[in-house]
Amino acid sequence: MKQLAHLLKFDFLLINKNKIITISLVVTAIYVGVFKALAAMGNIEKLLVLVIFNDPAL
């Protein structure tokens with residue numbers, strides 16, 4: 001268990017050093033902004049399904 005805690009700490013340090021958390025938060029904010037803007041257009045269910053299944057993180 002001690003080794004797992006050490007590995008998680010090291011992994012978090014690497015993620016923080018490479019600014020991956022910041023980049024992830026910016027990309028998430030962009031996605032939320034786009035979805036909120038599209039929601040004002042009306043029925044966008046098919047577009048949302050297309051975007052979700054074409055997401056490279058999936």
Side-chain angles (χ1 to χ4, degrees):
M1 194 67 176
K2 195 174 201 179
Q3 184 178 7
L4 176 63
H6 176 71
L7 290 173
L8 287 174
K9 179 182 174 186
F10 183 70
D11 189 43
F12 182 75
L13 288 174
L14 284 176
I15 289 171
N16 193 29
K17 178 183 174 187
N18 293 322
K19 306 293 184 210
I20 293 175
I21 293 175
T22 305
I23 294 169
S24 298
L25 290 174
V26 169
V27 169
T28 301
I30 291 171
Y31 265 94
V32 168
V34 168
F35 288 151
K36 292 286 184 181
L38 289 175
M41 296 175 71
N43 189 6
I44 58 165
E45 290 181 20
K46 290 182 181 180
L47 179 65
L48 289 177
V49 170
L50 179 71
V51 171
I52 289 170
F53 285 118
N54 285 321
D55 186 14
L58 187 67

Seminar exercise, completed: Distance col, row Ile15:CD1 vs Ile23:CD1, nearest 0.5 angstrom, shows 11.5 Å
Exercise. Roughly how far, to the nearest 0.5 Å, is NZ of Lys9 from CG of Leu14?
Worked result: 12.5 Å
For this session: Answer with yes or no whether the hydrophobic clustering places Ile20 together with Val27; edges join I, L, V, M, F, W, Y residues whose side-chain heavy atoms lie under 4.5 Å apart.
Result: no
For this session: With rounding to the nearest 0.5 Å, note down the distance linking CG in Leu13 to CG in Asn18.
Result: 11.0 Å
Exercise. Would Ile21 and Phe12 satisfy side chain to side chain contact (heavy atoms under 4.5 Å, CB included), going step by step from the backbone distance to the final call?
Worked result: CA-CA 9 Å; Ile21 293 175; Phe12 182 75; 3.5 Å; yes
Exercise. Can Tyr31 be reached from Met41 by stepping across I, L, V, M, F, W or Y side chains whose heavy atoms are under 4.5 Å apart?
Worked result: yes
For this session: Check whether Ile30 and Leu38 end up in the same hydrophobic cluster, where Ile, Leu, Val, Met, Phe, Trp and Tyr are linked by side-chain heavy atoms less than 4.5 Å apart.
Result: yes
Exercise. Is it the case that one hydrophobic cluster holds both Leu8 and Met1, taking links as side-chain heavy atoms less than 4.5 Å apart, direct or via other members?
Worked result: yes
